[in-house]
Structure formats: structure tokens, C-alpha cells
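Okay, so here's the structure we're looking at.
Small disclaimer: the values here were computed from a predicted structure and weren't measured.
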Amino acid sequence: MDSQFLVSLVLILVTFGLYIGIAVYNMAKQTSDFYVAGRNVPAVFNGMAIGADWMSAASFIGLAGTVMLLGYDGLAYIMGWTGGYLLLTFLLAPQLRKSGRYTVPEFIGDRYRSSAARLIAAVATILISFTYAIGQLSGSGVVIGRLLEVHTAVGTIIGVVLIAFYSALGGMKGITWTQVAQYLVLISAYLIPVIFMSLQLTNNPIPWMSYGQIVGELQLLDQQLGVSEYIVPFTEATKWQFLALMFTLMAGTAGLPHVIVRFYTVSTMKAARWSGAWAILFIGLLYLSAPAYAAFSRFILMTQVAGSSIADLPAWTASWVNTGSLSVADTNGDGILQWEEIVISNDIVVMATPEIANLGVFVIGLMAAGAMAAALSTAGGLMIAISAALSQDIYYRSINPQATERKRLFVGRVSIIVATVAAGIVALNPPGAITQIVAWAFALASGTFFPALILGVWWRRANGPGVIAGMLVGLTVTLGYIFAAKYGGFTILGIIDTGAGVFGAAAAFITIIVVSLATKAPTKEAQEEVLDLRYPEGMTYKDGEVWRTDPAETKRPEH
Amino acid sequence: MRKIDKKQADSYFRIRTILITIYLLIGFVASFVVVFFAEELSGFTVNGMPFHYFMGAQGAILIFIILLFVNAIVNDRVDKKFGLDQDQKQ
């Protein structure tokens with residue numbers, strides 16, 4: 001038990017104590033306001049809360065490593081995950097907010113007047129959140145594994161127990177101030193190391209301005225070594241894969257059930273717009289820093305680790321080799337570690353960075369606390385999405401409408417535990433890097449919800465049979481393509497599993513349109529409801545006329 | 001509840017749709033179009049990086065952030081013009 005372990009553990013415990021403390025303080029103060037706690041919060045802080053919800057282990061732990069290993073090709077993740085907010089804010093958020101529904105399956109079921117559609121949407125919610133959760137659990141495995149210096153799989157098991165417990169507590173959702181605290185911990189944990197690295201390497205404390213210089217030096221190093229160059233585009237995959245992945249991540253962002261929800265629990269449309277703008281600013285801070293991490297880490301690995309004697313490697317390498325995520329075998333037996341002999345997992349770059357740059361126990365501990373905040377807060381949100389879909393949309397509304405509130409809560413709790421354990425079992429031997437697993441969740445969302453929601457709010461002719469067929473086809477095509485590309489080696493235009501969403505979305509759009517046109521148009525009432533979504537809150541469309549309503553008069557349904 | 005001219009409501013919808021189309025178009029050019037021409041755009045450097053890399057790592061994100069803030073500000077003005085200022089109602 002070394003001092004690093006103690007410092008990391010204390011920092012994790014202190015930050016978690018802080019989150020729980022804020023939650024308890026807020027709950028005691030306003031029990032009745034529980035679900036609307038976010039409503040009196042200024043847009044800036046709501047933006048931070050959205051940021052904490054959004055930034056998962058994939059962004060925090062996995063992203064910089066992915067950019068480091070893929071070079072330019074990894075930037076598809078950066079643009080995809082930020083650009084999705086444009087689609088969400090411009091094309092969906094205002095309409096979904098006006099519709100007054102709180103969950104995606106609920107909106108789809110009511111808009112398309114079909115409980116079968118609601119059921120399919122609920123199943124898709126579970127599938128998407130489950131896949132996403134696998135990524136979070138494997139991320140917590142990396143952090144805990146390093147902390148306890150055990151294999152990542154053992155770390156994952158501990159993570160499962162933690163997340164099941166945390167989510168069953170309620171995951172601290174809806175308590176905006178807790179998420180504001182999580183955001184602040186997370187972002188300072190992310191920025192402090194990269195600022196120090198920037199100072200060490202370039203004497204410039206602003207990483208965003210200084211890493212360009214390092215990128216230039218990497219270019220020279222790559223040329224000397226004759227390896228594929230860092231900044232040259234499309235070395236790892238085709239241009240079409242880049243574009244397909246970027247589309248998948250953008251459309252998936254706009255279709256992720258647990259993200260959409262955040263946008264319509266604010267008090268006014270104006271607040272929603274400003275929250276969205278602040279959110280992308282706070283989220284962007286992390287995404288702008290990830291490529292700086294990638295460049296600095298790669299530079300240090302290439303100049304300070306590669307080329308050193310195998311018997312004399314820096315101390316930090318040993319602890320990462322133990323977790324199974326780093327391999328530094330001297331394959332050609334010359335006693336020197338070459339760049340080509342370093343095999344580093346995407347997922348450890350950010351976590352290892354403070355150690356690589358020798359930043360001291362406090363920063364390393366802060367990093368661990370930030371990563372745990374990212375993994376646990378997102379996993380908590382996902383588990384709640386799963387349990388809501390199971391207990392509310394499937395069990396209560398389709399299986400047992402007589403179920404009491406207590407019984408539903410019980411079904412919800414059990415489903416959280418079952419889902420966490422099941423996701424944990426898959427994460428023991430993760431089927432891919434964290435960013436890759438998460439990309440599959442986005443592919444599923446862009447193949448199902450994105451088309452169903454876009455057509456649902458923008459095209460009044462879309463009907464129940466259309467959306468049922470569309471979601472099923474989109475789901476089948478996306479899943480089929482992921483498996484065919486990953487295990488069967490089948491690709492179109494070099495698009496691999498992570499870009500599957502582009503095919504799923506195309507198939508779903510076409511199916512919804514064709515089947516809707518081939519079947520009966522929705523009722524006049526259903527079509528008018530869609531037309532009403534065009535107009536802002538405060539205007540109501542009815543029988544070809546528009547009425548001005550005082551926002552105070554239009555009560556949103558209680559939940 | 002009072003009736004208002006449908007034309008007025010529709011012009012609100014039209015303005016919003018036009019603005020959204022412009023924003024999405026700018027976002028599309030900053031991401032997809034730049035990626036499509038990545039090789040051709042790598043000739044000059046911005047902020048120390050080849051242009052295509054700069055756009056992927058910084059440029060596109062900054063444009064997305066600016067677009068969302070511009071949208072928030074412009075839409076507040078449009079709302080005010082149509083008398084939909086929500087702050088005053090509460």
C-alpha cells in the first residue's frame with residue numbers, strides 16, 4: 001500500500017462525499033421539488049450539469065488515447081460528439097420540449113398513437129443504454145485496476161458493485177447541483193495535467209495554443225521512423241469510414257434517450273437554448289483538450305520512453321504492465337525499447353499521462369477521482385434510463401397496468417442490478433476499446449431513434465406502422481452491420497463496425513417513409529399535434545387557426 | 001387564450017427554419033466538407049497545425065460553440081419581436 005494509493009483513494013472518497021453531501025442537503029431542503037430541481041437553476045449551471053451527464057468514461061478516459069493511436073482519424077470522435085449538439089438543439093429539442101413528454105418511448109408511443117412503437121422504443125432504449133454501460137464499466141475497470149494494481153477485469157468487478165450500489169441509490173440524477181460539482185471535479189482533473197504537460201514540454205501554460213508545435217515535431221519523428229504519420233488523414237481507415245463514424249456519432253447524440261431528457265426539463269424554451277449553448281461550451285473545453293493530451297503523450301512516449309534501455313524503463317510502466325493494458329516487450333532482443341515495441345491500450349493514455357509526465361501523487365489522484373466521476377455519473381444515468389424503460393414503459397404500461405407504485409419501484413431496482421451485473425460480465429472481457437463500444441451505442445441510437453424522432457416532429461404524415469417497421473429495420477441493419485463488420489470482415493467502402501449507424505439510419509428513414517405512405521394517414525388530430533410542434537411555446541395550433549396562449553396557462557403533464 | 005393571425009405564426013416558423021438551415025449548413029461545411037477535402041486542405045497551417053487537423057481538433061468545435069451561442073442570442077431577439085419574451089410572462 002503506497003502513498004499514491006492512499007492519496008487517490010482519499011480524493012475519490014472526498015469527492016464522492018461532496019456529491020452525496022450536496023444531494024442530501026438539497027433533498028432535505030426541497031423534497032417536493034425533487035423532479036423540477038433543475039428549473040430554478042441559472043442556465044450556466046444547467047449547462048455544467050448537462051456536461052457532467054454527457055461526459056462519460058469514453059470521453060474522459062478513452063478519447064485522448066483514441067486520438068493518439070488513430071492520429072487524424074481519431075478526430076471523427078471529437079467532431080461527432082460535439083456536432084451532435086447542433087442536430088439536437090436545432091432539429092429536436094424545441095419540438096420535443098413543446099410536446100411535454102419526458103421520455104423518448106413515451107413521446108414515440110403518443111406521437112405515433114401506437115403502444116407497439118412505444119414497446120419497441122423501450123427495448124431499443126434498454127439495448128442502447130446497456131451497450132453504453134458496458135463502455136462505462138470497462139472504463140471504471142481501468143481506473144480501479146490501476147488504483148489497486150490488479151488486472152483490469154478485477155477492477156471491472158469492483159466497478160460493477162460500486163455502480164449497482166450508486167445507481168440503486170438514485171444515481172443522484174435530477175440533482176443539478178451535484179452534477180455541477182461533478183463537472184467541476186471532472187474538468188479540473190482533466191485540465192490540470194494537460195496544462196502541466198504543456199508547461200513542461202513547451203514552456204507555454206496554454207495547451208490549446210502550444211500543442212500545434214508538438215504536432216509539427218511529431219510529424220518529423222514519424223518521418224524519421226518511417227511509421228504512418230500522425231496528422232496524415234485516413235491512414236487507419238478510409239475517408240468514408242471517417243465520415244460514416246462522424247455521422248453516426250452526431251445522429252446518435254441527437255437520439256440518445258438519456259441525453260435528450262436533459263433538454264426538456266428546463267423551465268422555458270429560452271432557458272433550454274441557453275443551457276444548450278453553455279453545455280457545448282463546457283463540453284467543448286474537454287474535447288478541445290483531448291488532442292493536446294494525445295499529442296503530448298505521444299511525444300513523451302516517442303522521445304523519452306522509446307529508445308531507452310529495456311532494463312531501465314520509467315517506474316510508471318511497471319504498474320500499467322500489471323493491469324494488462326501496456327506491453328513493452330523487447331521483441332527484437334536488442335535491449336532497447338523501440339517505438340514499435342510499445343503496445344499501449346487506447347484506454348490508459350489519459351490515466352497514465354500524469355505518471356508519464358511525472359506530475360506527482362496529488363494530480364494522479366485527482367485524475368482517478370475525475371475518471372470515477374465521469375464513469376459513475378453516466379453509468380448512473382444509463383441505469384436509470386434502463387429501469388425507467390423496463391418498469392414504466394414495459395412492465396407498467398404493457399404487462400401489469402394495475403401495478404402499485406411500490407411494485408414498479410421494486411421492478412426498477414431489480415432491473416438496475418440485473419442490468420449492471422450483465423453489463424459487467426460483458427465488460428470483463430471488453431469486445432473493444434471504450435470509445436469503440438460506446439460508438440456502437442451511438443450507432444444503435446442513430447439507426448432507431450434519430451429517424452423516428454426527426455420524422456416524428458418534422459413530417460406529420462409519418463404513422464405508426466411506418467415507425468414500427470422503420471425502427472425494426474434500422475435496428476436489424478445496424479446490429480447486422482456491426483456483427484458482419486466486426487466478426488465477418490464484411491465492409492462497404494471500408495466502413496467498419498463503428499460507422500454502422502449511417503446504414504441503419506438510411507434504412508430506417510427509407511422504411512418509415514415508404515411504409516407510412518403505403519398505409520393510412522394518421523388521424524387529423526394526430527397530424528394537428530405535429531403541426532402544433534412547429535410553433536413556439538405560447539402559440540397553439542388548432543383547426544387551422546393559431547392561438548396565443550399565456551405560458552402560465554399551458555400546464556405540462558405532471559410526472 | 002386569444003386568436004392570432006396564422007400568417008404571423010407561420011412567419012415565425014419560417015424565420016426559425018431559415019436560421020436553422022443556415023446554422024446546420026455552416027456546421028456541415030465545417031465538419032463533413034472539410035473532412036472530405038482533408039488532403040487538399042493540408043497545405044497551410046493554422047495555430048501550428050495543418051489546416052485539416054486544426055479544423056478537426058479545434059476549428060469545427062469552436063464553430064459549433066459559436067453557432068449555439070449565436071442561435072441563443074438571435075432567437076431571443078426573434079422571440080421579442082413576436083412578443084414571445086418568456087421572461088416577462090413569469
Query raised in the report: Within a reach of under 6.0 Å around CZ of B:R16, are more than 12 heavy atoms found that belong to other residues, nucleotides or ligands?
Result: yes
Check whether [X] gets within reach of chain A through its side chain, its backbone, both or neither, counting any heavy atom under 4.5 Å.
X     : answer
B:S42 : neither
B:A9  : both
B:F54 : neither
B:I63 : neither
B:F64 : both

Requested in this report: Would you check, one step at a time, whether the test side-chain contact (heavy atoms from CB on, under 4.5 Å) holds for B:Y23 with A:L86?
Outcome: CA-CA 8 Å; B:Y23 300 145; A:L86 297 191; over 6 Å; no
Using a 4.5 angstrom heavy-atom cutoff, name the option from [options] with the most pairs to chain B.
options                : answer
A:M539, A:M246, A:Q213 : A:M246
A:A277, A:P94, A:G83   : A:A277
A:F234, A:F247, A:W240 : A:F234

Counting only heavy atoms closer than 4.5 Å, note whether [X] contacts chain B via side chain, backbone, both or neither.
X      : answer
A:W458 : side chain
A:T89  : side chain
A:L91  : side chain
A:Y541 : side chain
A:Y72  : both

Query raised in the report: Between A:K239 (side chain) and B:V35 (backbone), is there a donor-acceptor pair under 3.5 Å?
Result: no
Report task. Please check if the side chain of B:N47 supplies one atom and the backbone of A:W208 the other of a donor-acceptor pair under 3.5 Å. Result -> yes
Determine whether [X] and [Y] make a side-chain contact, defined as any pair of heavy atoms from C-beta on separated by less than 4.5 Å.
X      : Y      : value
B:D10  : A:V546 : no
A:R273 : B:D76  : yes
A:F90  : B:N71  : yes

Query raised in the report: How far apart are the C-alpha atoms of B:Q58 and A:Y211, what are their side-chain angles, what is the distance that settles it, and do they pass the side-chain contact (heavy atoms from CB on, under 4.5 Å) test?
Result: CA-CA 11 Å; B:Q58 300 185 326; A:Y211 78 89; 3.4 Å; yes
How long is the span from the [atom1] atom in [X] to the [atom2] atom in [Y], to the nearest 0.5 Å?
X      : Y      : atom1 : atom2 : value
B:M49  : A:L218 : CE    : CG    : 11.5 Å
A:L281 : B:L68  : CG    : CG    : 10.0 Å
B:Y12  : A:Y535 : OH    : OH    : 12.5 Å

**Report entry** side-chain contact (heavy atoms from CB on, under 4.5 Å) between B:F32 and A:F242, intermediate numbers included
**Finding:** CA-CA 9 Å; B:F32 287 93; A:F242 191 113; over 6 Å; no
Report summary line: Ordered numerically, the heavy-atom neighbours of chain B under 4.5 Å found in residues 284-293 of chain A are A:G284, A:Y287, A:L288, A:P291
